[in-house]
Amino acid sequence: MGQEAPGNLLDIPDGLLSVGYDSESKGHQTATLVNDKIYVVEGSRDAAKLWIDVKIFDKSTGKWLIPTVLGTKPRPSNGHSAVPVNDDRILILKADCSADDCFWFLEVGSPYVKEQSKLLGAEVVAWSKGVVGEGPKPVVISGPSGVGKGTLISKLMKEFPTTFGFSVSHTTRAPREKEIDGVHYHFTERSTMEKEIRDGKFLESALVHGNLYGTSIEAVEAVAEAGKRCILDIDVQGARSVRSSSLEALFIFIRPPSFEELEKRLRSRRTETEEQVQKRLRNARAELEEGKSLGLFDHILVNDDLETCYENLKKLLMLDDGTNANYQPTVRSFEIPVSHSVSIKDQKILMRCGTSELGKAITSLFLLDVSSLKGGSPGQTRGLGVYAISSYAE
Ligand SMILES: Nc1ncnc2c1ncn2[C@@H]1O[C@H](COP(=O)(O)OP(=O)(O)OP(=O)(O)O)[C@@H](O)[C@H]1O
Ligand SMILES: Nc1nc2c(ncn2[C@@H]2O[C@H](COP(=O)(O)O)[C@@H](O)[C@H]2O)c(=O)[nH]1
């Protein structure tokens, strides 16, 4: 790509941070200025082509940059607008899309993007889907080997198959009988996994009982993309890493009623050799201590009677699914028409939508509040407030 100035892109008038226009390639583009860089987002109107692209014009060097784009890309739409939110992300409003698909964020300077940029030694941007209101947090379930995490998660997935989605981890351990690659784990070679960790493909990874285990960013995003609440079954080291990542989750630690009962369960499973059982039991002592660490877990459940523990887990999840948050937007779902405009002031975005009803042109005003955003890539950006202000016939 040449180094020429991108024509009218550089003419973003003072005070206006974003412009949108139709592109030559029968798509729609926006150019958004953030910290001396112009982020050009281009989408195709042609559903068959299915693309949405990001390129960057660096005003300070006069050069184009093609960034490494992380996260699940939004599907193309008939149009879009872009509004910069602080210095770290751009809100993308997609027109003519289903209600749960119209708000997206392109992270350009978030902590995650900075970290990945350092790791990869490249210019990085990352997509994350916007969620109106609090939305349910992913759930991290941790606890010593044999305590019953997998059993509890299986019950949950069976009872609520459309609500919860399992984050399928990678591991270098050998598959057990009945374990299916891609369902229980992605079974992988150590060298392959080590390379993928270096390439920044993992949200967290840890050496657990002598094998590598890790949660790939793709695994978490696949669940979010399916519109489900993500469940992660990971060890305490993993829980600690996720705690310090941008994935805002609910952390639950499962304890056994006693160490003797844990040993009994681990042995009764008959999946480990005696040596492996001994190793897992040694690690369990440390994990049970770590589980008490202040601020690491939000809830501790004792898995004594399975049914009682399962009922308690369900209560926790239903109470904490985001629907009881104080922060409630007035609008939870709508469609943005192609004919819309946006302006921003003090982190409040005003969106004017034009529609037509019974031959009359109707203008509706919405306020988008981005002052309480949470989470972000990898995963979703929650906490977007959408408030209907007025609607009038012109
Ligand atoms: N409350 C319970 N009472 C008795 N047995 C249980 C209970 N919960 C789970 N089990 C049994 O204990 C064994 C270990 O459970 P499970 O495999 O779910 O543990 P886990 O925490 O997922 O282990 P790992 O971390 O190694 O994957 C299984 O045989 C399971 O059927
Ligand atoms: N840090 C991570 N720990 C993980 C992950 N996936 C599973 N685990 C934990 O490993 C142990 C052993 O599991 P097993 O299937 O071999 O019995 C268990 O405590 C899991 O919670 C992961 O992605 N990251």
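Every number for a ligand or one of its atoms is a count from 1 in the order of the listing.
- Paired with Asn312 under the rule side chain to side chain contact (heavy atoms under 4.5 Å, CB included), one option of Leu152, Leu317, Leu301 passes, and it is Leu301.
- The protein heavy-atom contact nearest to atom 19 (O) of ligand 1 is Gly148 N, 3.1 Å.
- Under a 4.0 angstrom heavy-atom cut-off, Gly146 registers as being in contact with ligand 1.
- In this structure, atom 15 (O) of ligand 2 lies nearest to the protein heavy atom Tyr185 OH, 2.6 Å.
- Put simply, no part of Ser154 is less than 4.0 Å from ligand 1, judged by heavy atoms.
- Ile197 and Ile234 fall into different hydrophobic clusters, where Ile, Leu, Val, Met, Phe, Trp and Tyr are joined by side-chain heavy atoms under 4.5 Å apart, directly or via other members.
- Looking only at atom types and distance, the side chain of Glu107 has no donor-acceptor partner in the side chain of Ser377 under 3.5 Å away.
- Scanning the protein heavy atoms around atom 3 (N) of ligand 2, the nearest turns out to be Asp235 N, 3.1 Å.
- Under the 3.5 Å distance criterion, the side-chain polar atoms of Thr188 are left unmatched by any main-chain donor or acceptor of Thr171.
- Between the side chain of Thr172 and the backbone N or O of Leu212, at least one donor-acceptor pair lies under 3.5 Å.
- Looking only at protein heavy atoms, the nearest one to atom 18 (O) of ligand 1 is Thr151 OG1, 2.5 Å.
- Using a 4.0 Å cut-off to heavy atoms of Ala206, the atoms of ligand 2 that qualify are 1 (N).
- For ligand 1, the atoms sitting less than 4.0 Å from at least one non-hydrogen atom of Arg280 are 26 (O), numbered in the order shown with element in parentheses.
- For the pair Ser169 and ligand 2, the shortest N or O to N or O distance falls below 3.5 Å.
- Arg89 contributes no side-chain N or O that, together with a main-chain N or O of Pro84, makes up a donor-acceptor pair within less than 3.5 Å.
- Close approach to Arg269 involves these atoms of ligand 2, each under 4.0 Å from a residue heavy atom: 17 (O).
- Contact annotation: for Lys149 versus ligand 2, heavy atoms closer than 4.0 Å belong to the side chain alone.
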Table please: side-chain donor-acceptor pairs of residues 126-133 below 3.5 Å, with sequence neighbours left out.
from	atom 1	to	atom 2	distance (Å)
Ser128	OG	Thr381	OG1	2.5

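- Considering both main-chain and side-chain atoms, Glu179 never comes within under 3.5 Å of ligand 2 through any nitrogen or oxygen pair.
- How far CG of Leu33 is from CD1 of Ile90: 9.0 Å, rounded to the nearest 0.5 Å.
- One option in His209, Arg269, Gln276 has a heavy atom closer to atom 28 (C) of ligand 1 than any other, and that option is Arg269.
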Handout entry: Verdict with supporting geometry, Glu261 and Arg265, salt bridge (Lys or Arg N to Asp or Glu O under 4.0 Å)
Key = CA-CA 6 Å; Glu261 173 65 17; Arg265 286 183 198 171; 2.8 Å; yes
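- Remark: the backbone N or O of Ser77 is paired with a side-chain donor or acceptor of His28 at under 3.5 angstrom.
- Ion pair Glu159/Lys155 not flagged as a salt bridge, since none of the NZ, NE, NH1 or NH2 atoms sits closer than 4.0 Å to an Asp/Glu carboxylate oxygen.
- Close contacts of ligand 1 with Asp304, meaning ligand atoms under 4.0 Å from a residue heavy atom, involve 1 (N), 2 (C), 3 (N).
- The minimum heavy-atom distance between Val83 and Val342, with the atom names listed, is CG2-CG2, 3.7 Å.
- Ion pair Glu115/Lys118 not flagged as a salt bridge, since none of the NZ, NE, NH1 or NH2 atoms sits closer than 4.0 Å to an Asp/Glu carboxylate oxygen.
- Among the atoms of Arg176, none of the N or O lies under 3.5 angstrom from an N or O of ligand 1.
- No donor-acceptor pair under 3.5 Å is formed between the side chain of Asp53 and the backbone N or O of Glu42.
- Between atom 4 (C) of ligand 1 and the options Arg270, Glu287, Arg265, the minimum heavy-atom separation is to Arg265.
- Val302 and Val140 are members of different hydrophobic clusters when ILVMFWY side chains are connected at heavy-atom separations under 4.5 Å.
- Close N/O approach between Asn303 and ligand 1 is found [any backbone or side-chain N/O within under 3.5 Å].
- Salt bridge status for Asp298 with Arg243: present, with a side-chain N to carboxylate O gap under 4.0 Å.
- Between Glu272 and Arg176 a salt bridge is recorded (basic side-chain N to carboxylate O distance below 4.0 Å).
- Considering backbone and side-chain N/O atoms, Val147 comes within less than 3.5 Å of an N/O atom of ligand 1.
- Using a 4.0 Å cut-off to heavy atoms of Arg280, the atoms of ligand 2 that qualify are 12 (C), 14 (P), 16 (O), 17 (O).
- For ligand 2 and Arg173, the ligand atoms under 4.0 Å from any heavy atom of the residue are 14 (P), 15 (O), 16 (O).
- For Glu287, the heavy-atom gap to ligand 2 stays at 4.0 angstrom or more.
- Contacts of His170 with ligand 2, taken as heavy-atom pairs under 4.0 Å, are absent altogether.
- Closest heavy-atom approach to atom 8 (N) of ligand 2 within the set Leu266, Val236, Asp233, Val242: this belongs to Asp233.
- Short contacts between ligand 2 and Val208, defined as distances under 4.0 Å to a heavy atom of the residue, involve ligand atoms 10 (O), 11 (C).
- Classification of the Phe57-Trp64 ring pair by plane angle, with boundaries at 30° and 60°, yields perpendicular.
- A donor-acceptor pair under 3.5 Å links the side-chain atoms of Asp369 to the main chain of Ser371, judged by distance alone.
- When the heavy-atom distances from atom 26 (O) of ligand 1 to Gly150, Ser145, Ser268, Ala284 are ranked, the shortest goes to Ser145.
- Annotation: His209 places no N or O atom under 3.5 Å from an N or O atom of ligand 2; distance criterion only.
- Close contacts of ligand 1 with Lys149, meaning ligand atoms under 4.0 Å from a residue heavy atom, involve 18 (O), 19 (O), 20 (P), 21 (O), 22 (O), 23 (O), 24 (P), 25 (O).
- In terms of polar-atom proximity, defined here as any N/O pair under 3.5 Å, Ser205 makes no such contact with ligand 2.
- Residue contacts with ligand 2 for His186 are absent, since no atom lies close enough (heavy atoms, distance under 4.0 Å).
- Looking at Glu272 against ligand 2, nothing comes within 4.0 Å, counting heavy atoms.
- For atom 24 (N) of ligand 2, the closest heavy atom belonging to the protein is Glu204 OE2, 2.7 Å.
- Numbered from 1 in the order shown, with element, the atoms of ligand 2 that lie under 4.0 Å from a heavy atom of Gly238 read 1 (N).
- Contact atoms of ligand 2 toward Gly214: 22 (C), 23 (O), 24 (N) (distance under 4.0 Å to a heavy atom of the residue).
- Contact atoms of ligand 1 toward Pro144: 21 (O) (distance under 4.0 Å to a heavy atom of the residue).
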